[in-house]
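None of the values given here were measured: they were computed from a predicted structure. Values below: all heavy atoms of this structure, side chains included; hydrogens, waters and symmetry mates excluded.
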Amino acid sequence: MSIAQHELKEMNQLLESGVNISEIAMKYPSYDYWEIYGSVKDFSLRGKKRIITNRLNTLRNSATKAERSDSIDEIDTSITEIYNLTKSNGKKLVDISKVLNR
């Protein structure tokens, strides 16, 4: 089952506000945890690190060029997501600092 776009948007907003995926899964019982995990923007740097580590280990053991290419693409995507998340968090910290220093 595919997650409705409006619910996916709500889930991503919850993630941005600090709610974890398991809490979101409890709020939306019609969806499986892994379905939600695979659909939302993953705001967990620990999760991204784990994904990259697993892909690097897969890359180390991959036999074909196609397998290596797939792993490299996944690593590249994860690194881009980490960059965008860090950039977004930096902007949030600047905004918080401005509010606190008023």
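When hydrophobic clusters are built by joining Ile, Leu, Val, Met, Phe, Trp and Tyr residues whose side-chain heavy atoms come closer than 4.5 Å, directly or via intermediates, Val94 is not grouped with Tyr83.
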Side-chain donor-acceptor distances from residues 20-27 under 3.5 Å, at least two apart:
unit_1, atom_1, unit_2, atom_2, d
Asn20, OD1, Ser22, N, 3.3
Asn20, OD1, Ser22, OG, 2.8
Asn20, OD1, Glu23, N, 2.9
Glu23, OE1, Asn20, N, 3.4

Tabulate below the donor-acceptor pairs under 3.5 Å that side-chain atoms of residues 64-73 make, not counting sequence neighbours, or state none.
unit_1, atom_1, unit_2, atom_2, d
Thr64, OG1, Glu67, N, 3.2
Glu67, OE1, Ala63, N, 3.0
Ser71, OG, Glu67, O, 3.3

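Residues passing the side chain to side chain contact (heavy atoms under 4.5 Å, CB included) test with Ser39 are Ile3, Leu8, sequence neighbours excluded. Checked against side chain to side chain donor-acceptor pair (under 3.5 Å), Arg102 has no partners two or more places apart in sequence or in another chain. Residues passing the side chain to side chain donor-acceptor pair (under 3.5 Å) test with Ser97, sequence neighbours excluded: Asn101. By the side chain to side chain donor-acceptor pair (under 3.5 Å) test, Asp76 pairs with no residue at all, sequence neighbours left out.
Between Ile82 and Thr86, some side-chain heavy-atom pair lies under the 4.5 Å cut-off.
Here the CD1 atom belonging to Ile75 is positioned 9.0 Å from the OG1 atom belonging to Thr53, to the nearest 0.5 angstrom. Rounded to the nearest 0.5 angstrom, Lys91 NZ and Asp95 CG are separated by 9.5 Å. Between atom CZ of residue Arg55 and atom CZ of residue Arg60 there is a gap of 14.0 Å, rounded to the nearest 0.5 Å.
Note: Tyr28 and Tyr31 have tilted aromatic rings, judged against thresholds of 30 and 60 degrees for the angle between ring planes.
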